[in-house]
Amino acid sequence: MRFLERIINFIRLINSIDGRLQKIQQSLGRIENRLLAIQNPGKFNDHEYQVYSQWGEDGLIQYLINRVAIERPIFIEFGVEKYIESNTRFLLINNNWSGLVIDGSEENIHYIKNDPVYWRHNLKAECAFIDKLNINELIKQNGIEGDIGLLSIDIDGNDYWIWDSITVVNPCIVVCEYNSLWGAELAVTTPYDPAFIRNRSHYSNLYYGASIAALTKLAHTKGYSLAGSNRSGNNVFFVRNDLLENVKVASAREAWVQSQFREARNKSGQLAFLPFEERLKELADMPLVNLADGKQYRIGELYAAA
């Protein structure tokens with residue numbers, strides 16, 4: 001019994017430490033946010049910092065919401081897994097925003113609904129596998145329409161097609177994952193597949209998403225301009241054109257970053273640590289849609305001609 005009691009007490013201690021670390025993270029994020037507010041604007045990604053985001057998205061979002069007039073502090077985020085690491089959790093906790101998160105795993109949604117953050121804040125969590133046909137209804141049935149503060153899209157595949165399909169909300173800011181591997185010049189994306197799952201599409205785990213040029217092209221058609229990207233080379237940030245007064249606009253070429261994370265896998269599923277220039281070769285026979293003409297090309301021929 002004493003042994004079990006020691007284990008239980010140890011677990012309680014770990015949970016207590018974890019809770020304190022989260023509060024320290026929040027405090028540090030708030031301090032950095034205040035410091036950035038009194039600094040002169042520099043390069044967009046100079047404002048990065050990480051509290052709950054995977055990279056520096058927390059700081060970049062704080063930078064933008066301090067320069068963009070947002071009337072309705074509401075967010076929507078797709079592909080959040082357990083919502084421990086996300087682009088909007090800091091907005092929820094630090095800025096007291098409300099929002100909707102969507103993930104395709106029932107286990108993940110169950111975890112979120114049992115996280116204290118779920119009752120401490122106005123958060124809704126929906127379990128759904130997103131496609132072009134259901135996305136607007138999923139948003140509407142959760143009581144969200146019209147102007148909102150921020151939309152974050154990170155579903156590792158159909159990101160371009162889903163954003164293109166969204167009409168029910170008009171976000172002030174859009175954060176979207178891009179695939180740095182596709183380069184800065186070509187406006188390309190993986191073909192739409194309602195059942196797309198990244199780690200099943202190709203053994204390398206590299207085949208997914210749209211280029212920064214493709215997302216910038218789509219943004220222009222929807223009334224948005226590119227503010228920049230994060231230093232890691234996986235997320236881009238767009239601001240609605242009527243809210244650009246205090247935001248500097250960047251080109252896709254200026255904002256593109258060659259990603260340094262080496263997430264490629266071999267056929268056995270092990271990390272292959274491929275350098276950037278070797279990754280495209282793994283995907284030579286896979287198709288991409290070239291938005292310049294709407295046609296599909298094999299990656300090998302598309303980039304050989306570029």
Side-chain angles (χ1 to χ4, degrees), residues 26 29-42 44-53 55-80 83 86-102 117 120-125 135-136 138-140 142-154 162-163 166-177 215-216 218-230 235-250 255:
Q26 294 166 24
R30 292 188 183 103
I31 290 167
E32 286 208 60
N33 186 27
R34 292 188 185 108
L35 289 173
L36 288 174
I38 62 174
Q39 289 177 348
N40 294 322
F44 179 71
N45 56 24
D46 285 344
H47 299 279
E48 286 191 4
Y49 61 81
Q50 176 190 18
V51 183
Y52 296 113
S53 56
W55 305 99
E57 293 86 356
D58 286 325
L60 297 177
I61 289 170
Q62 291 293 313
Y63 174 79
L64 288 176
I65 68 171
N66 282 312
R67 282 157 180 78
V68 173
I70 295 172
E71 294 185 6
R72 297 181 71 208
I74 298 170
F75 63 79
I76 300 171
E77 183 171 9
F78 312 145
V80 295
Y83 201 54
S86 74
N87 288 339
T88 61
R89 189 177 177 108
F90 192 56
L91 275 176
L92 185 77
I93 295 172
N94 183 67
N95 302 95
N96 203 32
W97 282 34
S98 61
L100 167 67
V101 294
I102 306 175
V117 76
R120 288 176 179 166
H121 300 275
N122 187 4
L123 179 67
K124 294 181 180 180
I135 184 55
N136 286 300
L138 282 170
I139 295 170
K140 281 180 66 177
N142 280 280
I144 303 176
E145 290 186 70
D147 278 13
I148 64 169
L150 183 138
L151 170 67
S152 178
I153 305 173
D154 182 355
I162 297 302
W163 186 20
I166 293 174
T167 58
V168 72
V169 290
N170 192 28
C172 299
I173 300 164
V174 176
V175 184
C176 191
E177 181 182 49
L215 292 170
T216 303
L218 175 60
H220 287 166
T221 68
K222 295 176 80 74
Y224 291 80
S225 293
L226 177 62
S229 69
N230 60 357
N235 274 315
V236 279
F237 298 74
F238 299 96
V239 174
R240 212 169 65 205
N241 288 339
D242 61 316
L243 301 170
L244 282 172
E245 182 179 358
N246 298 311
V247 178
K248 184 179 178 181
V249 174

- Message: Would you compute the distance between atom CG of Asn235 and atom CH2 of Trp55 and round it to the nearest 0.5 angstrom?
- Response: 10.5 Å
- Worked verdict on Leu138 versus Phe78 for side-chain contact (heavy atoms from CB on, under 4.5 Å): CA-CA 11 Å; Leu138 282 170; Phe78 312 145; over 6 Å; no
- Message: On a heavy-atom basis, which atom in Ala227 and which in Leu64 lie closest, and how many Å separate them?
- Response: CB-CD2, 4.3 Å
- Message: Any heavy-atom pair between the side chains of Ile61 and Ile173 that's under 4.5 Å?
- Response: no
- Item | Approximate separation, where rounding is to 0.5 Å, of Asn246 CG and Asn66 CG | 10.5 Å
- Step-by-step side-chain contact (heavy atoms from CB on, under 4.5 Å) determination, Asn96 to His121: CA-CA 7 Å; Asn96 203 32; His121 300 275; 3.9 Å; yes
- Task: Compare every heavy atom of Arg89 with every heavy atom of Tyr83, then report the nearest pair and how far apart it is.
- Result: O-NH1, 2.7 Å
- Message: Quick check: do Glu145 and Ile139 have side-chain heavy atoms less than 4.5 Å from each other?
- Response: no
- Pairwise distance CH2(Trp97) to CG(Leu150) - rounded to 0.5 angstrom: 5.5 Å
- Is any side-chain heavy atom of Asn142 less than 4.5 Å from a side-chain heavy atom of Ile102? no
- Message: To the nearest 0.5 Å, what is the distance between CG on Asn170 and CG on Asp147?
- Response: 5.0 Å
- Task: Dump the intermediate steps for side-chain contact (heavy atoms from CB on, under 4.5 Å) on Phe75 and Asn87, then the final yes or no.
- Result: CA-CA 10 Å; Phe75 63 79; Asn87 288 339; over 6 Å; no
- Item | Worked verdict on Val51 versus Tyr49 for side-chain contact (heavy atoms from CB on, under 4.5 Å) | CA-CA 7 Å; Val51 183; Tyr49 61 81; 3.9 Å; yes
- Query: Is there a side-chain contact between Phe238 and Lys222 (heavy atoms, below 4.5 Å)?
  - Reply: no
- If you look at every heavy atom in Ser86 and Asp58, which pair is closest and at what distance? O-OD1, 4.1 Å
- Query: What is the minimum heavy-atom distance between Glu77 and Thr88, and which atoms define it?
  - Reply: OE1-OG1, 2.6 Å
- Item | Gln62 and Leu91, any side-chain heavy atoms less than 4.5 Å apart | yes
- In Å and rounded to the nearest 0.5 Å, what is the CG to CD1 distance from Leu60 to Ile65? 12.0 Å
- Hey, does Ile166 have a side-chain heavy atom less than 4.5 Å from the side chain of Ile162? yes
- So, does Ser53 use its side chain to make a donor-acceptor pair with the main chain of Gln50 at under 3.5 Å? no
- Message: Is any side-chain heavy atom of Tyr63 closer than 4.5 Å to one of Asp46?
- Response: no
- Between Cys172 and Tyr224, what is the shortest heavy-atom contact and its length? O-CE2, 4.0 Å
- Message: I'd like to know if the side chain of Glu57 pairs up with that of Asn230 as donor and acceptor (distance under 3.5 Å, no hydrogens or angles considered).
- Response: yes
- Message: Please report the interatomic distance CG(Leu123) to CG(Leu92), rounded to the nearest 0.5 Å.
- Response: 5.5 Å
- Message: Between Phe44 and Val247, is there a side-chain heavy-atom distance shorter than 4.5 Å?
- Response: no
- Message: I need the minimum non-hydrogen distance between Ser225 and Asn241, along with the two atoms involved.
- Response: OG-OD1, 2.7 Å
